[in-house]
Amino acid sequence: MLALGKLLELTLAGREPAQKIQLTVDGVQMRWLSEGALEVRPPQALDNGSDLLLSSGIHGNETAPIELLDRLLHGIARGEIKPRTRILFLFGNPEAMRRGERYLELDVNRLFNGRHEKNIGPEAMRAAELEQLARSFFSLPGRSRLHYDLHTAIRGSKIEQFALYPWKDGRQHSRHELARLRAAGMEAVLLQNKTSITFTAFTYEQLEAEAFTLELGKARPFGQNQGVNVSRLETRLKQIIEGNEPATESLDGLQLFAVSREVIKHSDGFILHLPADVENFSPLAPGYLLAEDVAKTRWVIEEEGARIIFPNPKVKNGLRAGILIVPTTDVGLA
Ligand SMILES: O=C(O)CCC(=O)N[C@@H](CCC(=O)O)C(=O)O
Ligand SMILES: [Zn+2]
């Protein structure tokens with residue numbers, strides 16, 4: 001296998017490759033760009049005009065998505081997967097990956113769309129670098145642009161695999177992309193309705209990519225991901241990469257949700273009234289007191305059909321401590 005196929009090993013060892021550019025037997029070019037960043041280019045005659053950004057390790061302890069990208073890269077480097085798309089592979093937070101932690105000082109996935117400029121430290125610098133790598137990758141005109149940012153969650157979930165779809169004023173969510181996600185095994189999609197500071201919000205809002213955060217199961221250390229079944233996603237990604245994806249427009253079995261409210265933690269006095277082991281998508285009944293904060297702020301459930309995802313009272317003040325979601329329909333998809 002080409003040495004550049006071992007991007008994960010290089011990244012975990014904190015090493016630069018001796019050779020920055022390599023060609024597979026089929027003439028696919030692999031180019032190391034910087035730590036945890038590698039571009040794959042098919043031979044020009046085979047290029048189908050699609051650009052695909054695959055990122056993982058934005059949270060360093062979410063290893064199943066890192067292992068999935070590692071397998072895809074090995075397949076390409078060995079000539080077993082034959083790309084017809086340009087691909088940018090990114091491991092988001094190498095130092096956190098090496099330490100097996102979500103982040104060191106700052107959550108990288110809260111530092112996009114300008115937020116890194118208001119912060120200092122290695123993670124702010126990395127977010128700026130990731131924005132630059134993505135901007136440069138998606139700068140070629142006339143090509144389709146797709147970004148999947150792969151994650152696993154802190155807690156268990158009543159719906160194991162789901163996607164979050166960013167929002168931009170004047171842009172409609174795509175039915176075609178949702179069908180593609182369904183075919184990749186996603187069981188639900190959360191349609192956002194405001195701008196955000198995540199990586200996919202950046203590529204969606206500023207780089208005109210179709211962009212999704214994918215949640216694939218519960219976060220576990222390297223080598224312990226037998227319970228995270230990414231086989232449908234892996235098959236679909238290979239098909240996208242090789243340009244032989246079966247056509248589908250079916251949303252059958254896909255549950256759609258909209259954000260009702262984001263619960264923001266304002267102070268150290270924030271209290272979340274949920275058990276520590278509560279699962280994502282747990283239903284909450286109207287009248288339930290969900291959270292309390294400084295100045296007698298109370299979060300009481302008003303919505304019918306409300307559910308909670310990503311509840312986390314330990315986030316820094318000013319950040320999202322959970323999302324209240326409600327079921328929605330496919331009306332409004334483009
Ligand atoms: O389990 C959790 O609480 C967080 C899992 C995770 O890392 N989720 C992403 C979602 C990003 C998005 O909103 O698109 C995150 O919180 O960064
Ligand atoms: Zn994550």
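Both backbone and side-chain heavy atoms feed into the values below; hydrogens, waters and symmetry mates do not. Ligands are counted one by one from 1 in listed order, and the atoms in each one are counted from 1 as well.
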Within 6.0 angstrom of I120 CD1, more than 12 heavy atoms from elsewhere: no

Distance flag, aromatic centroids of H273 and Y288, threshold under 6.0 Å: no

Shortest-distance N, O or S atom of H59 relative to the Zn ion (ligand 2): ND1

Aromatic ring pairing F257/F281, orientation class (parallel under 30°, perpendicular over 60°, tilted between): tilted

Salt bridge present between D107 and K316 (N-O < 4.0 angstrom): no

Vertex the Zn ion (ligand 2), arms to E62 OE1 and H151 ND1, rounded to 10°: 90°

Carboxylate-amine/guanidinium proximity below 4.0 Å for E210 and K168: no

Face-on cation placement of R171 at Y204 ring, 6.0 Å and 45° thresholds: yes

Please produce the table of protein N or O atoms sitting under 3.5 Å from N or O atoms belonging to ligand 1, one pair a line, distance to 0.1 Å.
unit_1: ligand 1; atom_1: 1 (O); unit_2: I154; atom_2: N; d: 2.7
unit_1: ligand 1; atom_1: 7 (O); unit_2: H59; atom_2: ND1; d: 3.0
unit_1: ligand 1; atom_1: 7 (O); unit_2: E62; atom_2: OE2; d: 3.4
unit_1: ligand 1; atom_1: 7 (O); unit_2: R102; atom_2: NH1; d: 3.2
unit_1: ligand 1; atom_1: 7 (O); unit_2: R102; atom_2: NH2; d: 3.4
unit_1: ligand 1; atom_1: 7 (O); unit_2: H151; atom_2: ND1; d: 3.4
unit_1: ligand 1; atom_1: 8 (N); unit_2: E215; atom_2: OE2; d: 2.7
unit_1: ligand 1; atom_1: 13 (O); unit_2: R320; atom_2: NH1; d: 3.1
unit_1: ligand 1; atom_1: 13 (O); unit_2: R320; atom_2: NH2; d: 3.2
unit_1: ligand 1; atom_1: 14 (O); unit_2: T213; atom_2: OG1; d: 2.8
unit_1: ligand 1; atom_1: 16 (O); unit_2: R110; atom_2: NH2; d: 2.7
unit_1: ligand 1; atom_1: 16 (O); unit_2: R320; atom_2: NH2; d: 3.3
unit_1: ligand 1; atom_1: 17 (O); unit_2: N109; atom_2: ND2; d: 2.8
unit_1: ligand 1; atom_1: 17 (O); unit_2: R110; atom_2: NH1; d: 2.9

Straight-line distance of E39 CD to D51 CG, nearest 0.5 Å: 8.5 Å

